[in-house]
Amino acid sequence: MVGGGPAGRVAARELARLGVRVLLLDEHRRLGGQYYKRRAGAVRAQAGDLRPRGTRLAAEVLDAGVDVCSETAVWGVDDDGRTLLTVHLGTPGSVRALFTVLATGAHERVLPVPGWQLPGVCTPGAALHLATIDRVAIGRRVVVAGSGPFLLPVAVALLDVGATVAAVCESGTPYRLDRDALRGLRHPARVAQFAGYRARLARAGVPVRQATRVAAVTGGDRVAAVHLATGAGTVQLDVDAVALGWGFRPNTELAALLGCRTEMDETTWDRLVVADDVGGTTREDVFVVGEAAGVAGVQAAVARAAVTASQVARRLGRSPSPTAQRRARVARRAATRAAAWTAGRFPVGAGSWLPEVHDDTVVCRCEFVTAAELRCASRTVLACGDPDAAKGATRAGMGPCQGRQCFPAVAVLTGGGVSAFPVRMPVRPVSVAAVAAGSPIPADHDVPAGPADTAPSAWPTSGGPS
């Protein structure tokens with residue numbers, strides 16, 4: 001099991017309860033992923049546990065007998081196409097199992113606008129982390145902008161830590177009354193949550209602007225103003241911080257490295273794993289769960305994880321009880337409905353306005369490559385219509401994020417089709433020493449799928465239980 005977020009933990013817990021031996025690898029110190037992040041001791045003592053359900057779920061995972069290796073990143077796949085290469089606090093290791101379940105989550109989708117490299121601009125996820133986990137606001141006066149339902153809880157969290165939210169700017173029109181809105185009535189919990197956010201913003205006098213996008217961010221040493229493009233023209237708001245993002249993209253690089261078939265979504269320019277409704281991929285021994293299987297929110301993620309756990313258990317000859325099977329069927333239907341509603345309510349066109357990006361706009365912030373450089377590269381024989389060639393010509397996408405943030409922009413600005421940068425190792429930044437030492441595969445790092453009470457000597461030595 002790769003990933004200790006909600007989906008990874010639910011799948012691991014369910015499998016362990018059925019007698020399957022499970023090793024859970026997670027790169028963080030504490031289990032939780034992004035949704036169930038846990039506050040540090042001092043903050044928790046003062047502000048309480050952020051999401052107690054996440055703490056209980058972590059305990060349930062350990063009580064079920066799951067072996068947890070925390071602070072362990074999976075950065076690649078060995079030549080056999082099965083063995084995962086890991087690093088734990090600088091120490092290399094490897095893991096090989098009969099079945100691999102990927103719960104690698106998602107990362108935020110960002111698109112370049114002039115000035116987005118200024119200090120004071122961050123993603124909504126970063127703003128939410130600081131506000132909820134560390135109880136720190138990213139600024140005194142903030143605009144939250146981009147697209148997706150995630151913008152609303154971010155704005156509320158900023159209010160809760162004392163920031164002034166100048167506006168929430170949604171580039172689409174998901175909040176108008178139409179057929180999609182009526183379809184949302186089939187999800188009363190989500191409707192109630194949405195209503196709660198809107199009520200909290202209304203009480204604070206925060207305007208929620210639809211069909212409004214960030215045209216530019218300006219300032220000197222840091223953000224001083226944000227310029228908003230609306231149907232009526234451009235509006236300037238004086239702020240000292242901007243939370244800017246367009247939802248989430250499934251994290252599928254490891255699945256691609258394992259040889260699972262992937263496809264590009266022509267609307268969002270996201271690489272998606274081709275998987276069935278029980279998480280099965282084109283490799284019989286690899287499953288994908290949670291947001292990595294498609295972004296639809298935490299409830300859908302954990303529902304799909306339970307379905308996948310039941311399927312893996314059957315493959316290992318450990319059939320779930322009739323009650324568990326009924327729960328899995330209900331969860332599958334719920335996940336499908338939630339995924340469809342989320343996709344319909346918050347569409348994102350990754351390249352819809354990128355051709356309007358000014359030449360001096362920084363597109364790749366890791367390597368500081370501008371739109372002008374990319375457009376110039378697209379006119380050369382080498383790079384024309386080929387984002388990967390443009391990457392080699394300009395270094396766009398060669399930084400620490402490996403193109404996760406800038407790829408859609410690079411592809412659009414270089415005239416490339418709906419494709420993706422080839423996935424290469426390492427998929428996570430690791431030291432050269434760890435990569436060099438990670439090739440050997442000691443035999444005692446094999447992971448059996450035997451009963452949960454099998455002697456633990458076969459588990460990898462990199463990273464102990466958490």
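Note: hydrogens, waters and symmetry copies are ignored here, and every other heavy atom, side chains too, is used. Bear in mind the structure is a predicted one, so any value in this text is a computation, not a measurement.
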From [X] atom [atom1] to [Y] atom [atom2], the distance as rounded to the nearest 0.5 Å:
X    : Y    : atom1 : atom2 : value
Q210 : T230 : CD    : OG1   : 13.0 Å
L111 : T361 : CG    : OG1   : 12.0 Å
T252 : R271 : OG1   : CZ    : 5.5 Å
L374 : L413 : CG    : CG    : 6.0 Å
E71  : T86  : CD    : OG1   : 13.0 Å
R30  : S70  : CZ    : OG    : 10.0 Å

Positive for side chain to side chain contact (heavy atoms under 4.5 Å, CB included) with R9, one of L31, V302, V68: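 Option passing the side chain to side chain contact (heavy atoms under 4.5 Å, CB included) with R9: L31.
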
Verdict with supporting geometry, Q402 and V427, side-chain contact (heavy atoms from CB on, under 4.5 Å): CA-CA 8 Å; Q402 287 293 289; V427 295; over 6 Å; no

Could you tell me whether the side chain of [X] and the main chain of [Y] form a donor-acceptor pair under 3.5 Å?
X    : Y    : answer
T281 : A275 : no
R44  : L50  : no
R365 : C406 : no
R404 : C401 : yes
D270 : L272 : no
R304 : G290 : yes

Hey, are [X] and [Y] close enough for a salt bridge, meaning a charged N less than 4.0 Å from a carboxylate O?
X    : Y    : result
R200 : D160 : yes
R53  : E60  : yes
E27  : R428 : yes

Using every non-hydrogen atom in the two residues, find where [X] and [Y] come nearest and quote the distance to one decimal.
X    : Y    : answer
G279 : T308 : CA-OG1, 3.8 Å
C260 : V273 : CB-CG1, 4.4 Å
D26  : G4   : OD1-N, 2.6 Å
L159 : V165 : CD2-CG2, 3.8 Å
A166 : L237 : CB-CD1, 4.3 Å
V10  : A306 : CG1-N, 4.1 Å

Residues in ring-ring contact (aromatic ring centres under 6.0 Å, His included) with F194, at least two apart? Y175

side-chain hydrogen bond (donor to acceptor under 3.5 Å, both in side chains) partner of T123, chosen from E108, H107, R109: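 Result for side-chain hydrogen bond (donor to acceptor under 3.5 Å, both in side chains) with T123: E108.
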
Taking the side chain as C-beta and beyond, is there a heavy-atom pair between [X] and [Y] under 4.5 Å?
X    : Y    : result
P114 : H358 : yes
V274 : T262 : no
L85  : V74  : no
T132 : V161 : no
R209 : C169 : yes
R13  : L57  : yes
V110 : L244 : no
V217 : W116 : no

Run the side-chain contact (heavy atoms from CB on, under 4.5 Å) test on R51 and T55 for me, step by step, so that the C-alpha distance in whole Å, both residues' side-chain angles and the decisive distance to 0.1 Å come before the verdict. CA-CA 7 Å; R51 291 191 172 97; T55 303; over 6 Å; no

Strictly by modelled atom types, are [X] and [Y] linked by a side-chain donor-acceptor pair under 3.5 Å?
X    : Y    : result
H227 : T218 : yes
E373 : T370 : yes
E170 : T212 : no

Please, which pairs that meet salt bridge (Lys or Arg N to Asp or Glu O under 4.0 Å) have at least one residue in residues 126-151, sequence neighbours excluded?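 Passing the test, one end in residues 126-151: R140-D240.
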
Can you list every ring-ring contact (aromatic ring centres under 6.0 Å, His included) pair that touches residues 131-167, not counting sequence neighbours?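 The answer is F150-F248.
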
Any pair counted as ring-ring contact (aromatic ring centres under 6.0 Å, His included), so long as it reaches residues 33-62, sequence neighbours left out: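 Every candidate ring-ring contact (aromatic ring centres under 6.0 Å, His included) pair involving residues 33-62 fails, so no pair, neighbours aside, qualifies.
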
Going through the distances and angles, do C69 and L23 end up as a side-chain contact (heavy atoms from CB on, under 4.5 Å)? CA-CA 7 Å; C69 287; L23 174 67; 3.7 Å; yes

Please enumerate all residues that pass salt bridge (charged side-chain N to carboxylate O under 4.0 Å, His left out) together with R283, with sequence neighbours excluded. D285

By salt bridge (charged side-chain N to carboxylate O under 4.0 Å, His left out) - contacts of R261 (at least two apart):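 In terms of salt bridge (charged side-chain N to carboxylate O under 4.0 Å, His left out), with neighbours along the sequence ignored, R261 is linked to E263.
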
Does atom CG of D360 have more than 12 heavy-atom neighbours from other groups under 6.0 Å away?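 For D360, atom CG is crowded (more than 12 foreign heavy atoms under 6.0 Å).
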
Could you check V312 against V101 for side-chain contact (heavy atoms from CB on, under 4.5 Å), going step by step and ending with a plain yes or no? CA-CA 9 Å; V312 175; V101 180; 4.3 Å; yes

